[in-house]
There are 2 protein chains.
Amino acid sequence: MENIQKRIRDLYPLSEASFNKIAGRLTKVELPRGHVLFQANRIETSIYFLEKGIARAYCYDAEKEITFWFGFEGDVIFSYNSYVNNEPGYENVALLEDAVLYSIDNTVLQALFRSDLEIANWGRKLAERELIRTEKLFISRQFRTASERYHELLKAHPQLVQRVQLGHIASYLGITQVTLSRIRSENN
Amino acid sequence: MENIQKRIRDLYPLSEASFNKIAGRLTKVELPRGHVLFQANRIETSIYFLEKGIARAYCYDAEKEITFWFGFEGDVIFSYNSYVNNEPGYENVALLEDAVLYSIDNTVLQALFRSDLEIANWGRKLAERELIRTEKLFISRQFRTASERYHELLKAHPQLVQRVQLGHIASYLGITQVTLSRIRSENN
DNA sequence: GCAAACCTTTAACATATGTTAAAAAAACTC
DNA sequence: GAGTTTTTTTAACATATGTTAAAGGTTTGC
């Protein structure tokens, strides 16, 4: 819990009172590997803070499944379209390891946004941080080859390859598993 | 001006008082085609609302220039990294047509965020809207072929091809101009 | 209105990545 | 721990996109 609390406060400075309005509504959840947190085409009503474990967001197009996000300890897990527009999301999110999470109800959080200036700014920062992260990813995608992106990913998350199967990593990189295998075998 | 005012209010409901705090700090700017609004590696201090014209965001990697955003009438133009983190941005933004814009100083806006609940939530919505847009773009990138993305773009912005040169559109789609030419010649 | 600069298309060839399938390796299961 | 399932690698071939270069088209500016 302390870890998550620190993460929450690091995002935007909150007074004790405002912080407690959020912290008081967090519920601890322990869920097993494989559990599906969010499903596509549903309006999701919770937001999760991931304390332990790895999560993966993916969606389908025809038969093809594509992973487009990995969540690690400290990350916030939400279905953007449910969270922002109260509309069904397009992503599935599943746990790749047994996980410890803290959840908060989206309705509760939205009410806090409307009533508390500090929390509204905290929510602003949350969206802004995700925005920067997503844009960086998008730009890296245009500039780098698959091989470069793989090595970037290895550097940023060295434990990823130990903990996540390569098929998921390949689809996250926008390549097939076969291509990833080739990349891995070439240099070292 | 009315157009931009409507856009601002559509994002998040603002009382007359809060709205005027923003509107009162907007400055009209008319700038010619080719004008560079933002430059990479600089901290940009303004945000622009585009009333008329088209803008393009691009960045460089080695020699390669890549367009990753087009802005149209009604869009907000900002350098995410300057706006959010007060750090140098990685993008250039230039006008592709003579343009009419309204600018507001980022420092002013940030102060309003910290002091006005409605404006803080307005800022939250601004970031959230961009986040959804960026994520959709990112996912479309993974699922669609270059040809599909070109036709999607044509459908979403039919005037784009008349108004923007194809080299920019090609780099926006993540392909070379030669490939775009091939795509354009094949179907019709 | 002509020349220069810029933009777009086309062609020929090179390369990276995809597809399919099979073999090898690793991870589960009872 | 032997057998089953899942994951990863390797191979052979197919395809989309990149690269370079040249030829047409447009636009711009004097």
Side-chain angles (χ1 to χ4, degrees), chain A residues 32-36 53-54 56 58 60-68 70 94-98 140-154 157-188, chain B residues 32-36 53-54 56 58 60-68 70 94-98 140-154 159-188:
Chain A
R33 171 180 182 181
H35 181 87
V36 176
I54 296 188
R56 174 176 83 97
Y58 54 101
Y60 290 99
D61 186 74
E63 308 296 277
K64 209 164 110 191
E65 176 194 297
I66 286 185
T67 296
F68 62 94
F70 289 113
L95 297 172
L96 296 178
E97 298 182 345
D98 294 349
S140 144
R141 199 59 182 285
Q142 306 230 34
F143 277 117
R144 315 282 171 214
T145 64
S147 170
E148 287 169 337
R149 292 203 310 283
Y150 171 67
H151 292 294
E152 255 177 25
L153 185 66
L154 266 193
H157 298 286
Q159 47 358 349
L160 195 74
V161 175
Q162 334 299 337
R163 292 167 73 183
V164 174
Q165 66 196 54
L166 295 175
H168 293 153
I169 293 176
S171 94
Y172 176 80
L173 293 170
I175 56 182
T176 60
Q177 179 160 348
V178 174
T179 300
L180 179 55
S181 241
R182 278 195 281 242
I183 288 169
R184 282 161 57 81
S185 70
E186 66 197 24
N187 325 16
N188 64 63
Chain B
R33 170 179 183 180
H35 180 87
V36 176
I54 295 189
R56 174 175 83 98
Y58 54 102
Y60 291 98
D61 185 73
E63 308 296 277
K64 210 165 110 190
E65 176 194 297
I66 287 185
T67 296
F68 61 94
F70 290 114
L95 297 172
L96 295 178
E97 298 182 345
D98 295 347
S140 145
R141 200 59 182 287
Q142 305 230 32
F143 277 118
R144 314 281 170 215
T145 64
S147 170
E148 286 169 337
R149 293 203 310 283
Y150 172 66
H151 292 294
E152 254 176 25
L153 186 66
L154 266 192
Q159 46 0 345
L160 194 75
V161 175
Q162 333 298 338
R163 292 168 71 184
V164 173
Q165 65 195 52
L166 294 176
H168 293 156
I169 293 176
S171 94
Y172 176 79
L173 293 171
I175 57 181
T176 60
Q177 178 159 349
V178 175
T179 300
L180 180 55
S181 243
R182 279 194 281 241
I183 287 170
R184 282 161 57 80
S185 70
E186 67 197 23
N187 327 15
N188 61 64

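Letters A, B, ... mirror the listed sequences (proteins, then strands); counts begin at 1.
- The interatomic distance linking B:Ile175 (CD1) with C:dT17 (C1') rounds to 16 Å, in whole Å.
- Residue B:Arg33 is in sugar-phosphate contact alone, with no base atom involved, counting any heavy-atom pair closer than 4.0 Å across all strands shown.
- When the nucleotides C:dA12, C:dG18, C:dT9 are ranked by their closest atom to the side chain of B:Arg182, C:dA12 comes out on top.
- For A:Tyr150 and C:dA16, the OH to P distance is 19 Å, given to the nearest whole Å.
- The residue among A:Gln177 and B:Thr176 whose nearest nucleotide of DNA chain D is located toward the 5' end is A:Gln177.
- Atoms CG (B:Leu96) and P (C:dC7) sit 11 Å apart, rounded to a whole Å.
- Between B:Ser181 and C:dT8, a side-chain N or O to OP1/OP2 separation shorter than 4.0 Å is absent.
- When the P atom of D:dG25 is taken as reference, atom CG of B:Leu166 falls 16 Å away, rounded to whole Å.
- In the set C:dT9, D:dT17, D:dT9, D:dT17 carries the atom at the smallest distance from any side-chain atom of B:Ala146.
- Protein atom CZ of B:Arg184 is 16 Å distant from nucleotide atom P of D:dT17, rounded to whole Å.
- Separating the CG atom in B:Leu153 from the CZ atom in B:Arg144 is a distance of 13.5 Å, to the nearest 0.5 Å.
- Summarising the geometry, the separation between CG on B:Leu173 and P on D:dA16 is reported as 17 Å, rounded to the nearest angstrom.
- Between B:Val161 and B:Leu166 there is a side-chain heavy-atom pair separated by less than 4.5 Å.
- With D:dG18, D:dT8, D:dA12 as the candidates, the nucleotide lying closest to the side chain of A:Gln165 is D:dT8.
- Counting non-hydrogen atoms of neighbouring residues, nucleotides and ligands closer than 6.0 angstrom, the CZ atom of B:Arg163 exceeds 12 such neighbours.
- Rounding to whole angstrom units, CD1 of residue B:Ile183 and C1' of C:dT8 are separated by 14 Å.
- Here the CG atom belonging to B:Leu173 is positioned 7.0 Å from the CD1 atom belonging to B:Ile183, to the nearest 0.5 angstrom.
- When distances run from any side-chain atom of A:Ser185 to the nucleotides C:dT17, D:dT17, D:dT10, the shortest one goes to D:dT10.
- Rounded to whole Å, the distance from CZ on B:Arg163 to C1' on C:dC7 is 19 Å.
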Discussion item. Quick one, B:Tyr150 with B:Arg184, criterion side-chain hydrogen bond (donor to acceptor under 3.5 Å, both in side chains). Give me CA distance, side-chain angles, the key distance, then yes/no.
Written reply: CA-CA 9 Å; B:Tyr150 172 66; B:Arg184 282 161 57 80; 3.0 Å; yes
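- Comparing B:Val178 and A:Leu180 against DNA chain D, the residue whose closest nucleotide sits nearer the 5' end is A:Leu180.
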